[in-house]
Amino acid sequence: MEEVLGSDFYFVHFNRQPGVADAVFEENTHQFLRNLYRKDVPLAEPPPGTTLIDLARMETPPGEPVMSDSELVVFVSAFESTGFTGGVNWYRNLDRNWHLLADVDPVIRQPTLMIYGDRDTVARSESPAEYVPNVKVVSLDCGHWIQQEKPQETNQVILAWLGRPDEPPTTCGVSLSRHRGPAD
């Protein structure tokens with residue numbers, strides 16, 4: 001991945017110093033997750049280097065929280081229990097996955113929906129149809145956490161793509177519109 005992304009890309013550092021990022025994220029799990037899950041962050045090129053570690057240590061992050069304190073505590077509790085190593089290891093394993101899948105056809109031939117956030121700092125694929133010829137690309141006016149920032153719009157896009165524009169979203173046959181939270 002270093003050859004593709006450069007030597008200073010944030011998750012290249014995960015391999016260079018195993019355990020460092022994990023430990024920093026675990027130093028103050030609440031602060032790291034509060035800083036990570038933000039919206040309305042001014043669009044800018046991510047700084048080189050240890051971006052996530054810097055974010056974890058930031059006292060006053062830019063933007064606004066994506067979720068309420070009661071929602072955030074669920075994530076904090078889970079990561080305090082499990083730590084961050086499992087998630088960080090996914091990035092550490094990218095080179096190995098690349099080699100294991102070298103002989104697999106990389107083209108996804110099924111109809112596919114890709115929803116991008118217009119203000120996401122993660123780069124879009126410049127040519128998604130090259131590997132996903134039946135892709136429909138939709139952009140929403142939001143950042144990286146698309147379904148949290150724009151839940152109704154995300155559901156509308158998905159339902160329209162599925163050909164059911166007037167059907168409310170359901171889970172296990174129960175309409176989600178019946179389960180309103182305190183913010184509703």
Side-chain angles (χ1 to χ4, degrees), residues 5 9-11 25 29-47 51-52 55-56 58 61-82 84 86-91 93-94 97 106-184:
L5 300 169
F9 197 76
Y10 76 93
F11 64 73
F25 301 160
T29 300
H30 181 269
Q31 179 174 306
F32 173 56
L33 293 177
R34 178 203 67 194
N35 294 355
L36 182 66
Y37 292 112
R38 308 295 283 187
K39 63 182 179 179
D40 299 326
V41 176
L43 193 55
E45 186 72 25
T51 305
L52 285 180
L55 181 69
M58 194 177 291
E64 299 298 320
V66 168
M67 60 185 89
S68 69
D69 289 339
S70 62
E71 292 167 326
L72 182 61
V73 76
V74 174
F75 287 81
V76 171
S77 175
F79 279 102
E80 285 178 342
S81 172
T82 64
F84 290 89
V88 173
N89 280 347
W90 184 85
Y91 293 98
N93 200 50
L94 285 174
N97 285 345
V107 178
I108 298 170
R109 302 187 193 288
Q110 296 299 318
T112 305
L113 173 64
M114 178 66 199
I115 304 174
Y116 283 111
D118 286 333
R119 293 181 273 130
D120 193 343
T121 58
V122 175
R124 296 173 179 233
S125 172
E126 292 180 18
S127 54
E130 180 179 348
Y131 291 102
V132 190
N134 296 314
V135 66
K136 175 180 172 80
V137 177
V138 175
S139 294
L140 296 178
D141 182 28
C142 60
H144 187 71
W145 310 109
I146 296 166
Q147 66 275 23
Q148 287 85 10
E149 293 180 50
K150 299 284 185 177
Q152 287 78 20
E153 294 90 336
T154 301
N155 284 338
Q156 289 169 357
V157 167
I158 293 169
L159 289 170
W161 180 75
L162 291 171
R164 301 184 299 217
D166 298 327
E167 186 176 320
T170 63
T171 300
C172 302
V174 178
S175 173
L176 294 178
S177 61
R178 293 184 193 151
H179 300 285
R180 297 185 164 265
D184 295 319

Asks: Run L33 and F79 through side chain to side chain contact (heavy atoms under 4.5 Å, CB included) and show every step you take.
Replies: CA-CA 9 Å; L33 293 177; F79 279 102; 3.8 Å; yes

Asks: Could you pull out the closest heavy-atom pair between P61 and N35, with the gap in Å?
Replies: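 Taking every non-hydrogen atom into account, CG-OD1, 3.1 Å.
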
Asks: Is it true that R119 and D40 make a salt bridge, defined as a side-chain N closer than 4.0 Å to a carboxylate O?
Replies: yes

Asks: Answer with yes or no after comparing the ring centroid distance for F32 and F84 against a 6.0 Å cut-off, counting only values under it.
Replies: yes

Asks: Can you tell me how far apart CD1 (I115) and CD1 (I146) are? Round to the nearest 0.5 Å.
Replies: 6.5 Å

Asks: Take N93 and N89 through the test side chain to side chain donor-acceptor pair (under 3.5 Å) and record every step on the way to the result.
Replies: CA-CA 6 Å; N93 200 50; N89 280 347; over 6 Å; no

Asks: Mind checking ring-ring contact (aromatic ring centres under 6.0 Å, His included) for W90 and listing every partner two or more places apart, or none if nothing turns up?
Replies: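 Testing W90 for ring-ring contact (aromatic ring centres under 6.0 Å, His included), a comparison that skips the adjacent residues, returns none.
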
Asks: Just do the side chain to side chain contact (heavy atoms under 4.5 Å, CB included) check on V88 and F25 with the steps written out, would you?
Replies: CA-CA 10 Å; V88 173; F25 301 160; 4.0 Å; yes

Asks: To the nearest 0.5 angstrom, please state how far the SG atom of C142 sits from the CD atom of Q148.
Replies: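 If we round to the nearest 0.5 Å, C142:SG and Q148:CD are 10.0 Å apart.
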
Asks: Taking M58's backbone N and O only, do any of them form a donor-acceptor pair with Q31's side chain (distance below 3.5 Å, no angle check)?
Replies: yes

Asks: Within this structure, what is the OH-NE2 distance for the pair Y37 and H144, rounded to the nearest 0.5 Å?
Replies: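 Y37 atom OH to H144 atom NE2 measures 8.5 Å (nearest 0.5 Å).
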
Asks: Donor-acceptor pair, distance only, cut-off 3.5 Å: does the side chain of R124 make one with the backbone of Y116?
Replies: no

Asks: If every non-hydrogen atom of H30 is compared with every non-hydrogen atom of L72, which pair is closest and at what distance?
Replies: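 In this case the closest contact between H30 and L72 is NE2-CD2, 3.7 Å.
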
Asks: Does the pair L36 and L52 meet the rule for a side chain to side chain contact (heavy atoms under 4.5 Å, CB included), with working shown?
Replies: CA-CA 8 Å; L36 182 66; L52 285 180; 4.0 Å; yes

Asks: When you check the side-chain N and O atoms of E71 and S68, is any donor under 3.5 Å from an acceptor?
Replies: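 A donor-acceptor contact under 3.5 Å links the two side chains.
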
Asks: Would you call K150 and D118 a salt bridge, using N to O less than 4.0 angstrom?
Replies: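 So K150 does not pair with D118 through a salt bridge.
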
Asks: Between E149 (side chain) and K39 (backbone), is there a donor-acceptor pair under 3.5 Å?
Replies: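 No, the answer is negative, given that no donor and acceptor are paired below the 3.5 Å cut-off.
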
Asks: Is a side-chain donor or acceptor of W161 paired with a backbone partner of V138 at a separation under 3.5 angstrom?
Replies: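 Answer holds: no.
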
Asks: Please answer whether the main-chain N or O of G117 pairs with a side-chain N or O of D141 as donor and acceptor at a distance below 3.5 Å.
Replies: no

Asks: Minimum heavy-atom separation for V137 to P128, with atom names?
Replies: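 What the structure gives for the nearest pair is CG2-CG, 4.0 Å.
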
Asks: What's the shortest heavy-atom distance between P133 and V107, and which atoms?
Replies: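 For P133 and V107, the tightest heavy-atom pair comes out as CD-CG1, 3.6 Å.
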
Asks: Closer than 3.5 angstrom, by distance alone: can the side chain of S77 be matched with the main-chain N or O of V73 as a donor-acceptor pair?
Replies: no

Asks: Measuring from atom CG of L113 to atom CG of N134, what distance do you get when rounded to the nearest 0.5 angstrom?
Replies: 12.5 Å

Asks: Between T112 and Q110, is there a donor-acceptor pair closer than 3.5 Å when you use the side chain of the first and the backbone of the second?
Replies: yes

Asks: Which heavy atom of W145 sits nearest a heavy atom of R38, and at what distance?
Replies: CD1-O, 3.4 Å

